[in-house]
Amino acid sequence: MALAAAAAVLAALGGALWLAASRFVGLRAQRLHGSRDPSHMHGKTVLITGANSGLGRATAAELLRLGARVIMGCRDRARAEEAARQLRRELLGTGAAEPDARGVGELVVRELDLASLRSVRAFCHELLQEEPRLDVLINNAGIFQCPYMKTEDGFEMQFGVNHLGHFLLTNLLLGLLKSSAPSRIVVVSSKLYKYGDINFDDLNSEQSYNKSFCYSRSKLANILFTRELAHRLEGTNVTVNVLHPGIVRTNLGRYIHIPLLAKPLFNLVSWAFFKTPLEGAQTSIYLASSPEVEGVSGKYFGDCKEEELLPKAMDESVARKLWDISEVMVGILK
Ligand SMILES: NC(=O)c1ccc[n+]([C@@H]2O[C@H](COP(=O)([O-])OP(=O)(O)OC[C@H]3O[C@@H](n4cnc5c(N)ncnc54)[C@H](OP(=O)(O)O)[C@@H]3O)[C@@H](O)[C@H]2O)c1
């Protein structure tokens, strides 16, 4: 009995030490990336969708720190303004809105609801009138395993926001990206793409809805979109790459119900095993800003390294068909 109790205490101590060590490695990773050239992104304009929360917010903070002018494309102006206030406080130590002598960039909030083609068009119209250049577009916003819902235009919500909204956004901004070349597009996908398929006969999931499948389908669509776009952009000096960030502690799981009693355990596990938003954002930041990926296009990255894709994510005929259908769905067929 005493032996069993001692073994349990030892196991608990070992577990605690292991957790602390894994957090230490995480903190080290954060510090490592704190050493980037602080003025690296000066003069560059970066648009990040969903920049008020999680990965988008962490990406915005770092690119701002590197001197970029960051446009936060967010659906809720109040949440976005609050995030912007916090970011300015964290980076400047004051409530100042403008770039300061320490070389921190400028932060701009603009309303963008990817679940509304009208909103995407209005956002792009305004941006094209007011911004002389766009150096980096980061398609980051996303919605995960929500109950069956439709966008304003009648698309299944996850496919509509994660793929179609960004598809229209990117297409409407391509001219500005080309005239600002060399420029970059970064697409945030997920490893869960592996469990999706592009079922062309039911893209709006009207025949059946499975929230996990639909998330995976939308993330597969992100990769197919990237690869097709890379072909279309050959010779333009505009690159496009796609990434998976790993499992990150953000607000993405807002629709996942965790029983009250299991919450402490979930929190402990996520604290120990999930990446922080800053750790998770490293590949987005790398693809947006690193000279190492100058000219690289159509590739899939994780942890700042190129990774292999499953054949279904490299199927060129599916990618072309998805592109053609997406053009019809968002109404940009020429
Ligand atoms: N966290 C992970 O483990 C993980 C893993 C793989 C991939 N990803 C991908 O990473 C990306 C960022 O997610 P996150 O983890 O940072 O989650 P998050 O904290 O929930 O952030 C998602 C962002 O997307 C925005 N968004 C949602 N619907 C939108 C819409 N209709 N129009 C405009 N913006 C909208 C959210 O705005 P509100 O705050 O207003 O809701 C929020 O700013 C997503 O594409 C996700 O699929 C995340």
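Both counts, for ligands and for their atoms, begin at 1 and track the order of listing. Counting from 1, the numbers follow the sequence of the chain as shown.
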Applying a strict 4.0 Å limit to heavy atoms, is H244 in contact with ligand 1? no
Is there side-chain contact between V318 and F200, with heavy atoms separated by less than 4.5 Å? yes
Taking distance alone, with N or O pairs closer than 3.5 Å, would you say G50 contacts ligand 1? yes
Contact between ligand 1 and G253 is defined here as a heavy atom of the residue under 4.0 Å from a ligand atom; is it met? no
So for ligand 1, is L114 a polar contact partner (N or O within less than 3.5 Å, distance only)? yes
Those atoms of ligand 1 less than 4.0 Å from some heavy atom in V188: 9 (C), 10 (O), 11 (C), 45 (O)
With heavy-atom distances below 4.0 Å as the criterion, list the atoms of ligand 1 near L112. 32 (N), 33 (C)
Is it the case that ligand 1 has an N or O less than 3.5 angstrom from some N or O of L252? yes
Test your reading of the structure: does A51 have an N or O sitting under 3.5 Å from an N or O of ligand 1? no
Residue portion contacting ligand 1 (non-hydrogen atoms closer than 4.0 Å) for N140: both
Check whether any N or O atom of G142, backbone or side chain, sits under 3.5 Å from an N or O atom of ligand 1, and answer yes or no. yes
Specify side chain, backbone, both or neither for K191, according to which of its non-hydrogen atoms lie closer than 4.0 Å to ligand 1. neither
D76 N/O to ligand 1 N/O under 3.5 Å: no
For A115, the ligand 1 atoms whose distance to one of its heavy atoms is below 4.0 Å: 31 (N)
For R254 and ligand 1, does the shortest N/O to N/O distance drop below 3.5 Å? yes
Select one of side chain, backbone, both or neither to describe which atoms of Y215 lie under 4.0 Å from any atom of ligand 1, heavy atoms only. side chain
Salt bridge or not for E90 and R57, using N-O below 4.0 Å? yes
Contact region, V161 to ligand 1, non-hydrogen atoms below 4.0 Å, reads side chain
Logged contact type for R249 with ligand 1, heavy-atom cut-off 4.0 Å, is neither
Would you check if the distance from the ring center of Y300 to the ring center of H244 is below 6.0 Å? yes
For ligand 1, the portion of R57 having any non-hydrogen atom under 4.0 Å away: neither
Any F274 heavy atom less than 4.0 Å from ligand 1: no
May I ask whether I247 has any heavy atom positioned less than 4.0 angstrom from an atom of ligand 1? yes
Taking distance alone, with N or O pairs closer than 3.5 Å, would you say P245 contacts ligand 1? no
